[in-house]
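A quick write-up on the structure given underneath.
Counting starts at 1 for both ligands and their atoms, following the listed order.
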Amino acid sequence: MSQKIFIKTFGCQMNEYDSNRIFDSVKKIGFDKTEHYEDANCYLLNTCHIRDKAKEKVYHEIGRVKKKFRFKKKPLVIIAGCVAQAENEEMLKREPYIDLVIGPQSYHKINDTILSHIEKKKKIEETEFDAISKFEYLSNIKNEAGKVSSFLTIQEGCDKFCHFCVVPYTRGPEYSRPFKQILDEAKYLVDNGAREIILLGQNVNAYDSEGFRLSDLILNIEKLPEIKRVRYTTSHPKDMTEDLIEIYKTSKKLMPLVHLPVQSGSNKILKSMNRKHTIEEYLSTFDKLKEINPKIEFSSDFIIAYPGEEDQDFTDTFKLIKRVKFINSYSFIFSPRPGTVAENLDLIEKKISTQRLEKIQNILFENQIKMNKSLEDKVVEVLVENLTDDKSKAFGRSEYMTSVIFNGKMSDIGKIVKVKIKESNRNTLFGEIVTHSDKKVA
Ligand code: SAM
Ligand code: SF4
Ligand code: F3S
């Protein structure tokens, strides 16, 4: 069978990883990838359910596909990801154009599901939570991502049940992949060109497999000589254990940016969100890491206008941002999610929510701009990932994950080079290459 699949991915890095792994799987039954959805005979939408009208976005997208294929043979339409898990067979009922619905813990069944549909023309929904079988299956199929900076899922699911969040319902209970399975995948990624590995999990620092923790994984992965950088995301403040903090003293390749979502600066709000930690505990982790290495910087996620957020709570969030000086953060107004504890809580007036978001983003963006400005005329180390689309420049990332555009060449890809920063804006640094180096400065 020779077929073309178009995969559109929404949501987090784990969805990006999953989309690549889905492709690694369907390749085995004869699918090639296409970047143009009108050329596809299979259209797969990997969905996210985290905020806003997630479900409606999916139906809207299907509407677009329908229109495009009005006078052509209908493609096989697959909905994967977190909306698929949350909505399951309802999607097949509401939109007959959809053929298959498959949740994140059933991807090991994707080939059989497609083949069965082709043979019997039956609509299929697969939304069982079976993380063990999924990862066993996927570990027998090589991860062909082949990118300089590659994602590697080590843990999936969540048992924390923050009151605002759908993830425990869409990704299922916490599961940590076996240690050796992960190291094997890391080695394979390296053999295929990975020089940076970003370890992924919904609670990546809750990783625990037969006593092996995230710190063990980092130390083992950085032993691979070709690896130049290791990162991990997303961490929960409650799981910033001493072993993880301590490895910042010894690790040679762990990057000095800690993404640690805090959501709010107010203990009252953290409690009503069921976040299971206080601001004092968060700051204690911050202080310990800063003491180990003052170059360590933090980034975070914020939920603004959570039900019950009063002026004082908002001011506390503001104060926390001033104290930690996060260099990069995501901030969104609270969005009630179906099936969560916070679903029916009284919302804060839209005008106030928008004003608060604007204030928070102003200060967060200011921090980001200041950080980037402070690097002008300085030399930063950049892991080169690619050439820009027009091939005139190279693209890479600084140790703090900031995009860097500079006059690099094809032969720089996969290397760490020194770049002198000439200009910057909020998201990007622009510079000129100074020299090659494989040393880490921070
Ligand atoms: N596990 C991570 C943690 O504990 O922070 C984050 C997972 S979630 C995929 C990513 C971010 O989405 C969260 O940190 C939160 O800021 C945001 N988020 C989740 N549910 C939300 C909601 N109902 N409304 C607005 N933002 C939300
Ligand atoms: Fe969602 Fe909370 Fe779990 Fe993070 S820890 S995935 S925010 S429930
Ligand atoms: Fe979205 Fe699911 Fe990731 S809800 S953020 S795709 S875990």
- Query: Does a side-chain N-to-carboxylate-O contact under 4.0 Å join Arg356 and Asp313?
  - Reply: no
- Query: What is the nearest protein non-hydrogen atom to atom 1 (Fe) of ligand 2, stated with its residue, atom name and distance?
  - Reply: Cys165 SG, 2.3 Å
- Considering only protein heavy atoms, which is closest to atom 3 (Fe) of ligand 3, and at what distance to one decimal place? Cys12 SG, 2.3 Å
- Message: Salt bridge or not between Lys4 and Asp39? Use side-chain N to carboxylate O under 4.0 Å.
- Response: no
- Hey, which atoms in ligand 2 end up nearer than 4.0 Å to a heavy atom of Val167? 6 (S)
- Got the closest protein heavy atom to atom 6 (S) of ligand 3, with its distance? Asn15 ND2, 3.3 Å
- Note on the structure: atom 23 (N) of ligand 1 sits nearest the protein heavy atom Ser335 O, 2.7 Å
- Note on the structure: Atoms of ligand 2 under 4.0 Å from any heavy atom of Asn203, numbered from 1 in the order shown, are 3 (Fe), 5 (S)
- Is there a heavy atom of Ile303 sitting under 4.0 angstrom from any atom of ligand 1? yes
- Task: Considering the heavy atoms of Phe164, write down every atom of ligand 2 situated less than 4.0 Å from one of them.
- Result: 7 (S)
- Task: Could you tell me if the ring centre of Phe298 sits under 6.0 Å from that of Phe286?
- Result: yes
- Quick one: nearest non-hydrogen protein atom to atom 4 (S) of ligand 3, plus distance? His49 N, 3.2 Å
- Numbering as shown, the atoms of ligand 1 that approach Ile333 to under 4.0 Å (heavy-atom distance): 25 (C)
- Item | Backbone N/O of Val83 and side chain of Glu87: donor-acceptor pair under 3.5 Å | no
- Short side-chain to backbone donor-acceptor contact, Ser106 and Glu128, under 3.5 Å: yes
- Judged by non-hydrogen atoms, does Gln13 sit under 4.0 Å from ligand 3? no
- Query: Can a non-hydrogen atom of Met14 be found less than 4.0 Å from any atom of ligand 3?
  - Reply: no
- Atoms of ligand 2 less than 4.0 Å from Phe161 heavy atoms? 8 (S)
- Query: Between Tyr37 and Phe6, does the ring centroid distance fall short of 6.0 Å?
  - Reply: yes
- Query: Any idea which atoms of ligand 2 are less than 4.0 Å away from a heavy-atom of Pro168?
  - Reply: 8 (S)
- Where the side chain of Ser25 meets the backbone of Arg21, is there a donor-acceptor pair that is under 3.5 Å apart? no
- Message: If the threshold is 4.0 Å, N to carboxylate O, is there a salt bridge linking Lys134 and Glu156?
- Response: yes
- Item | Output field: ring centroids Phe161/Tyr169 closer than 6.0 Å | yes
- Using 2.8 Å as a strict upper limit, say whether an N, O or S atom of Cys162 approaches atom 1 (Fe) of ligand 2 that closely. no
- Check whether any side-chain heavy atom of Ile114 sits under 4.5 Å from a side-chain heavy atom of Val26, and report yes or no. yes
- Query: Any idea which part of Gln202 is under 4.0 Å from ligand 1, heavy-atom wise: side chain, backbone, both or neither?
  - Reply: backbone
- Message: Return the closest protein heavy atom for atom 6 (C) of ligand 1 as residue, atom name and distance.
- Response: Thr234 CG2, 4.0 Å
- Would you mind checking if Arg94 and Glu56 are paired as a salt bridge, meaning a charged N to carboxylate O distance below 4.0 Å? yes
- State whether Lys319 and Asp316 are salt-bridged, where the test is any N-O pair (Lys NZ or Arg NE/NH1/NH2 against Asp/Glu carboxylate O) under 4.0 Å. yes
- Message: Considering non-hydrogen atoms of the protein only, which is the closest contact for atom 20 (N) of ligand 1, and what is the distance?
- Response: Phe164 CD1, 3.3 Å
- Nearest neighbour in protein (non-hydrogen) for atom 7 (S) of ligand 3: Arg171 NE, 3.4 Å
- Indicate yes or no for a side-chain donor-acceptor contact from Ser176 to the backbone of Asp208 under 3.5 Å, with no hydrogens or angles considered. yes
- Task: Note the single closest protein heavy atom to atom 17 (C) of ligand 1, along with its residue, its atom name and the distance in Å.
- Result: Arg51 NH1, 3.5 Å
- Task: Verify whether the ring centers belonging to Phe302 and Phe326 lie closer than 6.0 Å.
- Result: yes
- Task: Please check if any side-chain donor atom of Ser149 sits under 3.5 Å from a side-chain acceptor atom of Glu196, or the reverse.
- Result: yes
- Is the closest heavy atom of Arg275 to ligand 1 under 4.0 Å? yes
- Task: Determine whether the side chain, the backbone, both or neither of Cys82 has a heavy atom under 4.0 Å from any heavy atom of ligand 3.
- Result: side chain
- Task: Output the list of atoms in ligand 2 that are nearer than 4.0 Å to some heavy atom of Cys158, sorted by atom number.
- Result: 3 (Fe), 5 (S), 6 (S), 8 (S)
- Message: Using a 3.5 Å distance criterion without hydrogens, assess whether the side chain of Gln263 forms a donor-acceptor pair with backbone atoms of Leu270.
- Response: no
- Message: Which residue and atom name correspond to the protein heavy atom nearest atom 1 (Fe) of ligand 3, and how close is it?
- Response: Cys48 SG, 2.4 Å
- Task: Could you check which of Gln263, Lys160, Arg337 puts a non-hydrogen atom nearest to atom 13 (C) of ligand 1?
- Result: Gln263
- Query: For ligand 1, which atoms, with element, lie under 4.0 Å from some heavy atom of His236?
  - Reply: 4 (O)
- Query: Among Lys276, Arg275, Lys160, His236, whose heavy atom sits nearest atom 7 (S) of ligand 2?
  - Reply: Arg275
- Note on the structure: To atom 11 (C) of ligand 1, the nearest of Thr340, Ile50, Asp301 on a heavy-atom basis is Asp301
